[in-house]
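Below: one structure, written as structure tokens.
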Amino acid sequence: MIIFRDKPYRCTSEIVLDLVSGKWRISILNELSKGPVRFNQLQRLLPNATQRMLTMKLRMLESDGLIIRKVYPVSPPRVEYRLSELGEQLVPMLTMLCDFGSTYIDSFPDEVSYSDHKHA
């Protein structure tokens, strides 16, 4: 048993799952894996995420050490997000998850349809 941040885990993979689980975390990390993104741009990339939810998830990812928030001292303030060095280590796993997702849905061709939004 591992106790990390006052929470018990059976193995370290459970910690990773906690870090990336949730509706928006993987989507945010995936977008940031392509390079730094401003908040408004991230909102456009994830149109179904509310501003409040996006702000909350970005703060959580920042407190987890996976992303870095940079505020530029200009008027109006400009805020940019990017993966931290620790977050960069997740990129191969994110790629593998997308690849597996594609392989998985390809095995059920009659159950797949795509909207106007791009899919990974």
Side-chain angles (χ1 to χ4, degrees):
M1 181 74 63
I2 302 162
I3 307 296
F4 180 69
R5 294 183 173 171
D6 297 324
K7 194 171 175 184
Y9 295 95
R10 287 174 288 198
C11 67
T12 54
S13 63
E14 288 182 358
I15 296 169
V16 176
L17 289 173
D18 255 4
L19 289 171
V20 299
S21 65
K23 185 172 182 177
W24 299 109
R25 286 180 179 225
I26 288 180
S27 295
I28 292 168
L29 292 168
N30 188 49
E31 292 301 337
L32 295 180
S33 73
K34 301 168 190 168
V37 179
R38 292 177 64 176
F39 184 84
N40 289 339
Q41 183 181 6
L42 201 50
Q43 273 190 300
R44 285 190 296 276
L45 292 167
L46 304 170
N48 295 326
T50 64
Q51 181 176 344
R52 181 176 179 270
M53 182 59 66
L54 190 55
T55 298
M56 187 172 69
K57 295 303 177 188
L58 286 166
R59 285 182 183 154
M60 292 169 105
L61 289 166
E62 183 181 18
S63 72
D64 288 337
L66 299 178
I67 67 171
I68 295 171
R69 178 181 187 260
K70 183 173 182 179
V71 180
Y72 292 89
V74 294
S75 184
R78 186 178 121 199
V79 179
E80 188 175 83
Y81 297 89
R82 65 177 175 84
L83 292 179
S84 66
E85 286 185 30
L86 201 53
E88 290 282 349
Q89 293 182 40
L90 286 171
V91 173
M93 182 181 70
L94 295 170
T95 301
M96 288 174 62
L97 285 171
C98 286
D99 290 347
F100 178 78
S102 295
T103 300
Y104 183 77
I105 65 172
D106 286 349
S107 63
F108 299 95
D110 295 338
E111 299 178 40
V112 180
S113 63
Y114 295 102
S115 67
D116 292 339
H117 291 75
K118 286 185 176 181
H119 59 280

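No experiment lies behind these values; they were computed from the predicted model shown.
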- request: Can you see which heavy atom on Ser33 is nearest to which on Asn30, and at what distance?
  value: OG-O, 2.6 Å
query: Can you hop from Tyr9 to Leu17 via hydrophobic side chains spaced under 4.5 Å?
result: no
statement: Distance col, row Asp18:CG vs Phe4:CZ, nearest 0.5 angstrom, shows 10.0 Å
task: List the steps and the verdict of side chain to side chain contact (heavy atoms under 4.5 Å, CB included) for Thr12 and Val16.
output: CA-CA 7 Å; Thr12 54; Val16 176; 5.9 Å; no
query: Could you give the distance from CZ (Arg38) to CZ (Arg44), rounded to the nearest 0.5 Å?
result: 8.5 Å
Nearest non-hydrogen partners of Arg5 and Ser63, listed with the distance: NH2-O, 3.7 Å
- prompt: Of all heavy-atom pairs between Phe108 and Tyr104, which one has the smallest distance, and what is that distance?
  reply: CD1-O, 3.3 Å
statement: Between Leu19 and Leu61, the two heavy atoms sitting closest are O-CD2, 4.2 Å
message: Main chain of Ile68, side chain of Ser84: is a donor-acceptor contact present, judged purely on distance under 3.5 Å?
response: no
message: Within this structure, what is the CG-CD distance for the pair Leu46 and Gln41, rounded to the nearest 0.5 Å?
response: 10.5 Å
message: How long is the straight-line distance from CG of Leu58 back to CG of Leu54, given to the nearest 0.5 Å?
response: 4.5 Å
- prompt: Does Arg59 CZ have over 12 foreign heavy atoms under 6.0 Å away?
  reply: no
Side-chain donor/acceptor of Glu14 to backbone N/O of Arg10, under 3.5 Å: yes
task: Determine the sole option in Leu94, Val91, Ile28 for which the side chain to side chain contact (heavy atoms under 4.5 Å, CB included) test with Leu83 is passed.
output: Val91
- prompt: Any Lys/Arg nitrogen of Asp64 or Arg25 sitting under 4.0 Å from an Asp/Glu carboxylate oxygen of the other?
  reply: yes
- prompt: Distance from Leu32 atom CG to Tyr81 atom OH, nearest 0.5 Å?
  reply: 9.5 Å
- request: Any chance you could lay out the side chain to side chain contact (heavy atoms under 4.5 Å, CB included) test for Gln51 and Phe39, step after step, and finish with the verdict?
  value: CA-CA 9 Å; Gln51 181 176 344; Phe39 184 84; 3.8 Å; yes
message: Salt bridge check, Glu80 against Arg82: does any charged N sit closer than 4.0 Å to a carboxylate O?
response: no
message: With rounding to the nearest 0.5 angstrom, report the CG to CD distance, Leu29 to Glu88.
response: 10.5 Å
field: Met96 with Val20, same ILVMFWY side-chain cluster at under 4.5 Å
entry: no
- prompt: What is the minimum heavy-atom distance between Pro109 and Asp106, and which atoms define it?
  reply: CD-O, 3.4 Å
